[in-house]
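Data first, discussion second: the structure below is written as structure tokens.
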Protein chains: 2
Amino acid sequence: MGSEPASRTPRYAEILAILRGEVASGVFPVGATLPSEAELCQRFSVSRFTIREALRRLQSDGIVMRVQGAGSRVVRTTPASVFVQRYRSVSDLTQYAEDTHLEVQSISDVELGEGVARQIGGAAGETWCYVRALRRADVSAAEVLAVVESYVPRRFAKLAREVESISGPIYAALSSAAREPIENVEQEMQALPAPVHVAAALGLTADAPVLRIMRRYSAASGTLIASFNWHRGGDRYIHRASLSLDAG
Amino acid sequence: MGSEPASRTPRYAEILAILRGEVASGVFPVGATLPSEAELCQRFSVSRFTIREALRRLQSDGIVMRVQGAGSRVVRTTPASVFVQRYRSVSDLTQYAEDTHLEVQSISDVELGEGVARQIGGAAGETWCYVRALRRADVSAAEVLAVVESYVPRRFAKLAREVESISGPIYAALSSAAREPIENVEQEMQALPAPVHVAAALGLTADAPVLRIMRRYSAASGTLIASFNWHRGGDRYIHRASLSLDAG
DNA sequence: AGTATAGATTTAACTGGACAAATTGCGAGC
DNA sequence: GCTCGCAATTTGTCCAGTTAAATCTATACT
């Protein structure tokens, strides 16, 4: 690498591979700081630009975190992902058109049982605000697309009562109210026999197969909202996703 | 921008914002090529490094595609994603531990009906290789985790016959055989009543709710493999995903 | 012991320059 | 009209250098 660059592999890519290998083999374990850019320039006899190209890609891989004044700290030992699925809009995530209408049926305080508590990130015995609603294509549509059961922490009960009039996704309004960004969304999907109230709302026979999608939107302080969305089975509702190779 | 940089906003970020605005407002529509780096350096009176930082981020946003020798072509007018879900391994994607065992029950040539053809990216009337298999935790396990029905183009029939002995994911082996990278994965999930052969294999009553996940792995030439995975309903199989805000 | 400040260190932003590699368009030849 | 080769153009890789901004550590003061 003190000589001419190999015609095929850029120098930064060679250095990147070496650094990846050293992280993976434990030379630099999680928590360790890599040598500084200046030290790496000396070690590999290349310009700072070349080192920065390698380090930039290590950061993009999620392997290091680069901090001005501090250095490059290892945060994981393997690349962060293989496939990636990008959701470009709320309607991509929920698979409703953005102008669907949520009609609230009831709002009440409920004490969480163990099962629900575990799923929504609360604790058994806690009191949360429970909202049952029907989702339709628009205000005047007769057909129910989905039954939606949401749990919101008690401190947001007031906001939950206004859910029909909120424009944009409710999780964004809750994020604003909490003054915290949504940090992640957990999603669980399973096939279930339709409970009585779901079968009735969706016009199904009792115990017909339905797809239930639970989504939990969390900030640093915990769950802001968790919703159970009950959809018809078969071709009446197909949850689609498109993944691409991660270009990291 | 010919003067001192604003203390807060890097110059490349200002240029990025301007270029984003010009793309969004139609000055550069999808398909158009942005001015060259050299022209942008002249326009904004900055060095090529600064322009490249802006363009690099436009590419990372998914807004342009930069091609050596050709320029930066606009491929979309808005940033590509809001939420992102990363799959770090095959087991993340399929939600099987990596050492599960696939036991082939039958392999045959089938002529595609319209419905299946549409789902798997083939054409009605085409002959594909059909593989029916059972997935178990390991070779000696008695319990069937899932019923797997796969469709593979006829040209890969030989490889399909060796599916039990392939180490690593079958789609990677097919990608090698085709000498093409997997470009994307389409996934469809729906709740269905268990067909007879699925109910029998999973030990369910006829018409019990099951979750069917179809995954289609495609290269530029088309579908390399499409598999229908039939899972038990209820808490016996929960398909989980974790999404984070896209740091784009 | 706790806090503030100064200096050293490290990465971020930026300049100007060079050569290599890939693409595109044009002209010539068949 | 089609194909091939060459030149112009554009982005990729890389160098050497500078100043700015952020972090960390050590020292001094209360």
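To find a chain, count down the sequence lines: A is the first, B the second, and so on, and within it residues start at 1.
- Distance from the side chain of B:Thr50 is smallest for C:dC14 among the nucleotides C:dT11, D:dC15, C:dC14.
- With sequence neighbours excluded, no residue forms a salt bridge (Lys or Arg N to Asp or Glu O under 4.0 Å) with A:Glu126.
- In this structure, A:Ile15 and A:Leu40 have side chains that are not in contact, with every pair of non-hydrogen atoms separated by 4.5 Å or more.
- When the side-chain contact (heavy atoms from CB on, under 4.5 Å) test is applied to B:Val27, the partners found at least two apart in sequence or on another chain are B:Glu22, B:Ser25.
- Checked against salt bridge (Lys or Arg N to Asp or Glu O under 4.0 Å), A:Arg73 has no partners two or more places apart in sequence or in another chain.
- Residue A:Arg52 contributes atom CZ, which lies 13 Å from atom C1' of D:dT18 at whole-angstrom precision.
- At whole-Å resolution of the value, CZ in B:Arg56 and P in C:dC14 are 14 Å apart.
- OP1 or OP2 of C:dA12 sits under 4.0 Å from a side-chain N or O of A:Arg66.
- The CD1-C1' distance, from B:Ile51 to D:dG12, rounds to 16 Å in whole Å.
- Residues from residues 31-43 of chain B with heavy atoms under 4.0 angstrom of DNA chain D, sorted by number: B:Ser36, B:Glu37.
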Detail all sub-3.5 Å separations between protein N/O atoms and N/O atoms belonging to nucleotides 22-27 of chain C.
unit_1	atom_1	unit_2	atom_2	d
C:dT23	O4'	B:Gln68	O	3.3

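- Annotation: ring-ring contact (aromatic ring centres under 6.0 Å, His included) contacts of A:Tyr217 (sequence neighbours excluded): A:Tyr171.
- Between the base of D:dT13 and the side chain of B:Arg48 there is a donor-acceptor pair shorter than 3.5 Å.
- With rounding to the nearest 0.5 Å, the separation of OG1 in A:Thr127 from CG in A:Leu112 is 7.5 Å.
- For the residue pair A:Thr77 and A:Val23, the shortest heavy atom distance occurs at CA-CG1, 3.6 Å.
- Rounded to an integer number of Å, the gap from CE of A:Met65 to P of C:dA12 is 12 Å.
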Protein-nucleotides 4-8 of chain D N/O pairs closer than 3.5 Å?
none

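- Residue B:Tyr12 places none of its side-chain N or O atoms closer than 4.0 Å to OP1 or OP2 of C:dC14.
- Taking B:Glu37 as the reference, B:Arg48, B:Arg52, B:Arg66 meet the salt bridge (Lys or Arg N to Asp or Glu O under 4.0 Å) condition, with sequence neighbours excluded.
- Rounding to whole angstrom units, CD of residue A:Glu53 and P of D:dT13 are separated by 7 Å.
- In this entry the distance linking CZ of B:Phe49 with P of D:dT11 reads 17 Å, nearest Å.
- For A:Arg154, the salt bridge (Lys or Arg N to Asp or Glu O under 4.0 Å) partners at least two apart in sequence or on another chain are A:Asp109.
- Following rounding to the nearest Å, B:Glu14 (CD) and C:dA12 (C1') show an atom-to-atom distance of 15 Å.
- In this structure, CZ of A:Arg11 is placed 15 Å from P of C:dC19, rounded to the nearest angstrom.
- Evaluation of the side-chain contact (heavy atoms from CB on, under 4.5 Å) rule for A:Arg240 yields A:Gln95, A:Ile238, B:Glu188 as partners, not counting sequence neighbours.
- For B:Phe28, the ring-ring contact (aromatic ring centres under 6.0 Å, His included) criterion is met by no residue, not counting sequence neighbours.
- Among residues at least two apart or in separate chains, ring-ring contact (aromatic ring centres under 6.0 Å, His included) pairs with a member in residues 114-133 of chain B are B:Tyr130-B:Tyr151.
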